[in-house]
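Structure record follows, encoded as structure tokens.
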Amino acid sequence: MKQKLILWIEDYLFFPNNFQRIVSFFLLPITFIYIFIIITKRIFSKKIDFGIPIISIGNLIIGGSGKTPITIKLASKYNNTCIILRGYGRFSKGLQLVSLHGKILTDVKTSGDEAMLLAQSLPNSSVIVSENRVEAIYKAKELGAKLIFLDDGFSKYNILKFDILLKPKIDPTNIFCIPSGGYREPRSFYKYSDLIFQEGIEFRRVVTIKKDEKTVSLPQKCILLTAISKPKRLLKFLPDNIEMLSYPDHYTFTNDDIYNILKRYSDFAIVTTRKDFVKLKEFNLENIFLMDLSIEFDNKISFDKLELYINKY
């Protein structure tokens with residue numbers, strides 16, 4: 001029932017049917033108030049120059065558009081970088097130093113799944129989670145960072161930064177902002193970005209199935225277990241008719257969850273994402289496979305504008 005509700009909401013936000021469109025229209029008055037607040041914030045916010053290059057990786061729609069793998073791809077090219085993110089789904093509050101120059105200092109419940117994945121994937125970087133991005137930037141400078149990557153920072157209008165926006169491969173048919181649709185900010189705000197990367201044009205996702213870090217094939221009897229936004233996007237990388245068990249984005253799996261899954265699917269293997277695996281690791285599951293995601297940029301993309309910005313500092 002919970003999975004059906006998650007998928008219904010996903011369809012409502014991005015690709016609604018006729019009934020969902022009616023619901024969307026009824027909520028438009030709230031949407032207009034929300035847009036007014038967003039535009040007002042953008043107009044009246046004063047940008048702070050922190051004296052360090054800050055690259056924001058963001059998107060206009062709710063949920064995943066590839067921010068984490070894009071951040072990993074870009075940040076891996078530089079030294080003395082610090083990744084700053086809010087840390088959704090974590091059990092901690094305030095500023096937490098997740099890793100320092102690759103040395104992991106917390107557990108996944110303190111960091112959140114995305115921050116732990118970033119920390120594990122970037123041995124030359126530090127990772128900070130904080131609700132207060134300004135405080136985190138000052139902390140990163142104190143730690144000696146020379147370049148900051150701000151995860152999901154497009155809406156932080158008070159920070160002077162280089163904005164990269166990610167566009168989905170297929171634009172949603174629902175063009176409204178929340179709660180009437182899946183946009184967090186008006187579509188017209190793409191014009192405020194410094195670079196736009198659209199999936200399928202500027203970049204593509206490459207998924208390799210791995211077990212114990214070796215490339216393998218999936219067994220015939222297998223289920224997809226995940227707690228990411230828009231989980232149906234994973235199905236195109238997997239065999240047809242694979243059964244999917246999806247949980248809310250950033251969900252923390254419990255012992256009861258795993259017990260019930262293993263009981264119901266006793267002779268099935270499990271395939272999951274690396275973002276999910278950082279939380280599933282503690283359960284010591286034996287028959288588990290990973291969807292190892294990497295990003296490939298189109299060869300025609302020019303990063304000159306980005307390099308010019310970094311070199312200014």
Side-chain angles (χ1 to χ4, degrees), residues 3 6-7 10 14-15 57 59 61-77 83 88-89 108 112-123 151-152 164 166-172 197-251 253 261 265 268-281 283 285-299 301:
Q3 176 171 289
I6 294 168
L7 297 178
E10 179 185 327
F14 303 109
F15 302 99
I57 313 292
N59 57 346
I61 62 173
I62 295 170
S65 293
K67 294 189 298 294
T68 300
I70 291 284
T71 300
I72 292 170
K73 179 76 171 181
L74 293 177
S76 63
K77 298 179 180 182
I83 320 299
Y88 283 106
V108 69
D113 49 14
E114 288 173 342
M116 184 56 68
L117 177 55
L118 286 161
Q120 292 178 354
S121 304
L122 293 168
D151 176 85
D152 201 16
I164 297 174
L166 307 181
K167 280 188 81 172
K169 189 172 186 178
I170 302 173
D171 284 327
F197 294 153
Q198 183 170 8
E199 184 176 356
I201 298 177
E202 280 79 23
F203 75 94
R204 71 185 187 100
R205 305 171 196 243
V206 179
V207 171
T208 306
I209 303 299
K210 291 187 175 181
K211 185 170 176 37
D212 300 324
E213 298 305 321
K214 296 179 181 177
T215 301
V216 295
S217 298
L218 278 178
Q220 198 165 18
K221 298 181 73 174
C222 191
I223 60 167
L224 168 63
L225 176 61
T226 185
I228 68 167
S229 173
K230 302 195 284 291
K232 288 193 289 187
R233 60 194 161 111
L234 299 175
L235 296 176
K236 65 181 178 181
F237 300 107
L238 297 169
D240 293 339
N241 302 318
I242 191 169
E243 187 164 348
M244 178 176 68
L245 299 180
S246 63
Y247 290 76
D249 196 16
H250 305 291
Y251 179 80
F253 298 99
I261 291 167
Y265 298 96
F268 281 71
I270 293 172
V271 63
T272 193
T273 69
R274 283 202 180 272
K275 177 181 164 182
D276 294 303
F277 186 69
V278 296
K279 294 177 292 189
L280 291 169
K281 195 174 181 181
F283 299 104
L285 299 170
E286 292 184 5
N287 204 12
I288 190 165
F289 295 76
L290 291 181
M291 300 178 70
D292 188 47
L293 171 65
S294 61
I295 295 293
E296 286 187 0
F297 284 115
D298 187 275
N299 291 331
I301 292 180

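For the side chain to side chain donor-acceptor pair (under 3.5 Å) condition, the pairs that include at least one residue of residues 231-240, sequence neighbours left out, are D11-K232.
Within a 6.0 Å sphere centred on CD1 of I242, other residues, nucleotides and ligands contribute more than 12 heavy atoms.
The two residues M116 and V108 have their closest heavy-atom pair at CE-N, 3.7 Å. In terms of heavy-atom proximity, S217 sits nearest to F289 at O-CE2, 4.0 Å. Contact record, L245 with Y265: CD1-CE1, 3.7 Å, taken as the closest heavy-atom pair. Considering all non-hydrogen atoms of both residues, L234 and M291 come closest at O-CE, 3.8 Å. Taking all atoms of both residues into account, the shortest heavy-atom contact from D171 to K167 is OD1-CE, 3.6 Å.
Between atom CD1 of residue I209 and atom CG of residue L238 there is a gap of 5.5 Å, rounded to the nearest 0.5 Å. The CD atom of Q198 lies 10.5 Å from the CG atom of L166; values are rounded to the nearest 0.5 Å. For the atom pair L117 CG and I83 CD1, the distance stands at 11.5 Å (nearest 0.5 Å). To the nearest 0.5 Å, atoms NZ (K77) and CD1 (I72) are separated by 13.5 Å. Here OG1 of T215 is found 11.0 Å from CG of L290. Values are rounded to the nearest 0.5 Å. To the nearest 0.5 Å, atom OG1 of residue T68 and atom CD1 of residue I57 are 10.0 Å apart.
With sequence neighbours excluded, no residue forms a ring pair (Phe, Tyr, Trp, His ring centres under 6.0 Å) with F237. Partners of K279 under the salt bridge (Lys or Arg N to Asp or Glu O under 4.0 Å) rule, at least two apart in sequence or in another chain, are D113. Residues passing the salt bridge (Lys or Arg N to Asp or Glu O under 4.0 Å) test with K210, sequence neighbours excluded: D292. With sequence neighbours left out, E286 forms a salt bridge (Lys or Arg N to Asp or Glu O under 4.0 Å) with no residue at all. Every residue was checked against the side chain to side chain donor-acceptor pair (under 3.5 Å) condition with E10, not counting sequence neighbours, and none meets it. For P69, the side chain to side chain contact (heavy atoms under 4.5 Å, CB included) partners two or more places apart in sequence, or in a different chain, are L293, I295. Under the side chain to side chain donor-acceptor pair (under 3.5 Å) criterion, S65 pairs with N59, sequence neighbours left out. The ring pair (Phe, Tyr, Trp, His ring centres under 6.0 Å) check on Y251 picks up Y247, F253, with sequence neighbours excluded. A search for salt bridge (Lys or Arg N to Asp or Glu O under 4.0 Å) contacts involving D298 returns nothing, not counting sequence neighbours. Taking K281 as the reference, F277 meet the side chain to side chain contact (heavy atoms under 4.5 Å, CB included) condition, with sequence neighbours excluded.
Annotation: side chain of T208 is not in contact with side chain of S294 (no heavy-atom distance under 4.5 Å). Between F14 and I61, some side-chain heavy-atom pair lies under the 4.5 Å cut-off.
The main-chain N or O of F203 is never found under 3.5 Å from a side-chain atom of E296 such that the two would form a donor-acceptor pair. A donor-acceptor pair under 3.5 Å links the side-chain atoms of S76 to the main chain of K73, judged by distance alone. Although no hydrogens or angles enter the test, the distance criterion places a donor-acceptor pair under 3.5 Å between the side chain of K230 and the main chain of I62.
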Show me the side-chain donor-acceptor pairs of residues 219-229 shorter than 3.5 Å, one per line, residues at least two apart or across chains.
from	atom 1	to	atom 2	distance (Å)
K221	NZ	D267	OD2	2.4
T226	OG1	D276	OD2	2.7

**OP:** Step by step, work out the side chain to side chain contact (heavy atoms under 4.5 Å, CB included) result for L218 and K211.
**Re:** CA-CA 9 Å; L218 278 178; K211 185 170 176 37; over 6 Å; no
Subject >> side chain to side chain contact (heavy atoms under 4.5 Å, CB included) between F197 and I301, worked out >> reply: CA-CA 9 Å; F197 294 153; I301 292 180; 4.1 Å; yes
**OP:** Output, in order, the C-alpha distance, side-chain angles, deciding distance and verdict of salt bridge (charged side-chain N to carboxylate O under 4.0 Å, His left out) for E213 and R274.
**Re:** CA-CA 11 Å; E213 298 305 321; R274 283 202 180 272; 2.9 Å; yes
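Using a 4.0 Å cut-off between a side-chain N of Lys or Arg and a carboxylate O of Asp or Glu, E199 and R204 do not qualify as a salt bridge.
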